[in-house]
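One structure below.
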Number of protein chains: 2
Amino acid sequence: MSAGHMAVTTGPAPGPEPEPVVSCAPPHDDCGIRDVLDRLGDKWSVLVVVELASGVRRFKELQRAVDGISQRMLTLTVRRLERDGLVSRTVYPTVPTQVEYELTELGHSLTHLIKALAGWSLDHRAAIAGARRAWDEAAG
Amino acid sequence: MSAGHMAVTTGPAPGPEPEPVVSCAPPHDDCGIRDVLDRLGDKWSVLVVVELASGVRRFKELQRAVDGISQRMLTLTVRRLERDGLVSRTVYPTVPTQVEYELTELGHSLTHLIKALAGWSLDHRAAIAGARRAWDEAAG
DNA sequence: CAGAATCCACAACGATACTG
DNA sequence: CAGTATCGTTGTGGATTCTG
């Protein structure tokens with residue numbers, strides 16, 4: 001920590017243990033993480049999955065539940081989730097068309113991940129908020 | 001499953017158990033997940049964190065390691081990570097400026113999450129790829 | 001080396017209108 | 001009800017140039 005003010009350019013650092021963390025194919029295959037992150041990272045997918053985790057939902061029900069989402073984005077989101085095999089779509093040939101969305105097994109398994117994510121967020125949201133505040137007031 | 005072709009509009013569904021998954025404040029506070037996802041969801045943050053998980057890195061080292069990332073994006077990514085308290089930045093007053101980046105404790109704790117993410121990705125990447133292939137060839 | 005600044009291309013998203 | 005189609009806005013990322 002106290003490096004003083006001198007720092008040789010050839011300081012290879014005594015590196016304790018280089019943990020692998022992901023260890024896929026070099027240089028950076030990133031495994032299939034990008035695929036998952038593409039779905040997790042967009043604005044609505046997580047919220048839709050969370051809502052569907054509680055059970056089967058119709059299109060309109062989903063839209064009401066997520067609130068803030070437009071028909072367009074709900075359609076796109078649910079289509080991508082379906083394409084990735086996370087959500088199943090069932091159409092009923094009723095007079096006003098009726099469609100039901102449901103998590104597949106794969107989708108439910110993703111639920112565990114989201115839970116872990118939510119847990120970490122809750123555990124550290126204060127720390128993150130504090131760090132941001134400190135940063136912003138230090139040099140905003 | 002076999003609903004045949006009849007489906008009354010008033011089908012409340014026998015819903016087994018509505019799992020909460022996140023259970024924050026209604027309607028959809030999404031806890032602090034969005035904050036984490038904003039950092040996890042962008043194109044480079046995860047890769048940078050993964051690289052830093054192996055130890056201290058200089059700017060150029062990071063750029064070489066991540067490969068594909070531009071100076072601009074590396075700067076932005078590392079700044080955001082620093083703002084969120086996930087990465088610490090140390091400047092050495094040498095002739096050619098030298099800067100070292102390192103994960104903070106908070107950053108290291110995020111590593112566990114990324115590990116979980118990578119694990120899930122590896123476990124299901126085949127399933128996802130298969131679902132996409134099926135979808136694309138069914139109606140691309 | 002480490003970055004700030006500028007410009008530009010494109011993708012994501014939102015609002016609106018229309019259809020089966 | 002459950003979408004599709006179109007348009008305009010915004011945000012994100014890449015390439016390039018310049019500085020301490």
Side-chain angles (χ1 to χ4, degrees), chain A residues 7-13 28 30 34-35 37-48 51-52 56-83 87-102 139-140, chain B residues 7-11 28 30 34-35 37-48 51-52 56-83 87-102 139-140:
Chain A
V8 285
T9 47
T10 54
H28 277 95
D30 80 19
R34 184 54 39 208
D35 288 336
L37 254 42
D38 282 345
R39 208 74 8 259
L40 247 51
D42 64 37
K43 200 170 181 181
W44 303 108
S45 291
V46 170
L47 297 177
V48 169
E51 179 59 29
L52 286 178
V56 178
R57 292 288 184 276
R58 307 232 312 258
F59 187 87
K60 197 69 176 181
E61 288 179 322
L62 271 179
Q63 192 177 0
R64 269 191 293 264
V66 174
D67 122 316
I69 195 172
S70 59
Q71 314 91 319
R72 173 183 150 79
M73 287 319 295
L74 181 53
T75 299
L76 286 177
T77 301
V78 96
R79 283 289 179 281
R80 288 192 281 239
L81 290 172
E82 192 190 356
R83 184 174 107 99
V87 162
S88 67
R89 177 172 174 270
T90 310
V91 182
Y92 295 93
T94 55
V95 185
T97 320
Q98 181 174 339
V99 179
E100 285 186 348
Y101 293 95
E102 185 175 14
Chain B
V8 283
T9 46
T10 53
H28 277 97
D30 81 19
R34 184 51 43 205
D35 289 335
L37 254 41
D38 282 344
R39 206 69 16 256
L40 247 51
D42 63 38
K43 200 171 180 179
W44 303 108
S45 292
V46 170
L47 297 177
V48 170
E51 179 59 28
L52 286 179
V56 178
R57 293 288 184 276
R58 309 230 312 257
F59 186 88
K60 197 69 178 181
E61 289 180 321
L62 270 178
Q63 193 177 359
R64 269 191 293 266
V66 175
D67 122 316
I69 195 172
S70 60
Q71 314 91 319
R72 172 185 151 78
M73 286 319 295
L74 181 54
T75 300
L76 287 177
T77 301
V78 96
R79 282 290 178 282
R80 289 193 279 238
L81 290 172
E82 192 190 357
R83 185 175 106 99
V87 162
S88 67
R89 177 173 174 268
T90 311
V91 182
Y92 295 93
T94 56
V95 186
T97 321
Q98 182 174 339
V99 179
E100 284 185 351
Y101 293 95
E102 186 175 13

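Values below: all heavy atoms of this structure, side chains included; hydrogens, waters and symmetry mates excluded. To find a chain, count down the sequence lines: A is the first, B the second, and so on, and within it residues start at 1.
- Axis deviation across the helix from C/dC1-D/dG20 to C/dG20-D/dC1 amounts to 40°, comparing end segments of five pairs, rounded to 10 degrees.
- Atom NZ of A/Lys60 is separated from atom CD of A/Gln98 by 14.0 Å, given to the nearest 0.5 angstrom.
- Atom CD of B/Gln71 sits about 11.0 Å away from atom CG of B/Leu76, to the nearest 0.5 Å.
- Under the salt bridge (charged side-chain N to carboxylate O under 4.0 Å, His left out) criterion, B/Arg83 pairs with A/Asp136, sequence neighbours left out.
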**Study point:** CA sep, side-chain torsions, deciding dist, call: A/Arg34, A/Leu37, side chain to side chain contact (heavy atoms under 4.5 Å, CB included)
**Key:** CA-CA 5 Å; A/Arg34 184 54 39 208; A/Leu37 254 42; 3.8 Å; yes
Report all interatomic pairs (protein N or O, nucleotide N or O of nucleotides 18-20 of chain D) with separations under 3.5 Å.
{"unit_1": "D/dG20", "atom_1": "N2", "unit_2": "B/Thr97", "atom_2": "OG1", "d": "3.3"}

List the atom pairs, with distances to 0.1 Å, where a side-chain N or O of residues 39-47 of chain B and a protein N or O form a donor-acceptor pair under 3.5 Å, not counting sequence neighbours.
{"unit_1": "B/Arg39", "atom_1": "NE", "unit_2": "B/Asp84", "atom_2": "OD2", "d": "2.9"}
{"unit_1": "B/Arg39", "atom_1": "NH1", "unit_2": "B/Asp42", "atom_2": "OD2", "d": "2.9"}
{"unit_1": "B/Asp42", "atom_1": "OD1", "unit_2": "B/Trp44", "atom_2": "N", "d": "3.3"}
{"unit_1": "B/Asp42", "atom_1": "OD1", "unit_2": "B/Ser45", "atom_2": "N", "d": "2.9"}
{"unit_1": "B/Asp42", "atom_1": "OD1", "unit_2": "B/Ser45", "atom_2": "OG", "d": "2.8"}
{"unit_1": "B/Asp42", "atom_1": "OD2", "unit_2": "B/Ser45", "atom_2": "OG", "d": "2.8"}
{"unit_1": "B/Ser45", "atom_1": "OG", "unit_2": "B/Arg39", "atom_2": "O", "d": "3.1"}

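- Closest of all the heavy-atom pairs between A/Tyr101 and A/Arg89 is OH-NE, 3.3 Å.
- We find the OG1-CD distance between B/Thr77 and B/Glu82 to be 12.5 Å, quoted to the nearest 0.5 Å.
- Counting all heavy atoms, side chain and backbone alike, B/Gln63 lies closest to B/Ile69 at NE2-O, 3.6 Å.
- A 4.0 Å heavy-atom criterion places the boundary nucleotides of DNA chain C facing chain A at C/dC13 to C/dG20, written 5' to 3'.
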Quick test: give all pairs of protein nitrogen or oxygen and nucleotides 13-17 of chain D nitrogen or oxygen below 3.5 Å, distance rounded to 0.1 Å.
{"unit_1": "D/dG13", "atom_1": "OP1", "unit_2": "B/Lys43", "atom_2": "N", "d": "3.2"}
{"unit_1": "D/dG13", "atom_1": "N7", "unit_2": "B/Arg72", "atom_2": "NH2", "d": "2.9"}
{"unit_1": "D/dG14", "atom_1": "OP1", "unit_2": "B/Lys43", "atom_2": "NZ", "d": "3.2"}
{"unit_1": "D/dG14", "atom_1": "OP2", "unit_2": "B/Trp44", "atom_2": "NE1", "d": "3.2"}
{"unit_1": "D/dG14", "atom_1": "N7", "unit_2": "B/Arg72", "atom_2": "NE", "d": "3.2"}
{"unit_1": "D/dG14", "atom_1": "O6", "unit_2": "B/Arg72", "atom_2": "NE", "d": "3.0"}

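- The two residues A/Glu102 and A/Leu52 make their nearest non-hydrogen contact at N-CD2, 4.4 Å.
- Looking at B/Leu62 and B/Leu74, their side chains come closer than 4.5 Å, going by heavy atoms from C-beta outward.
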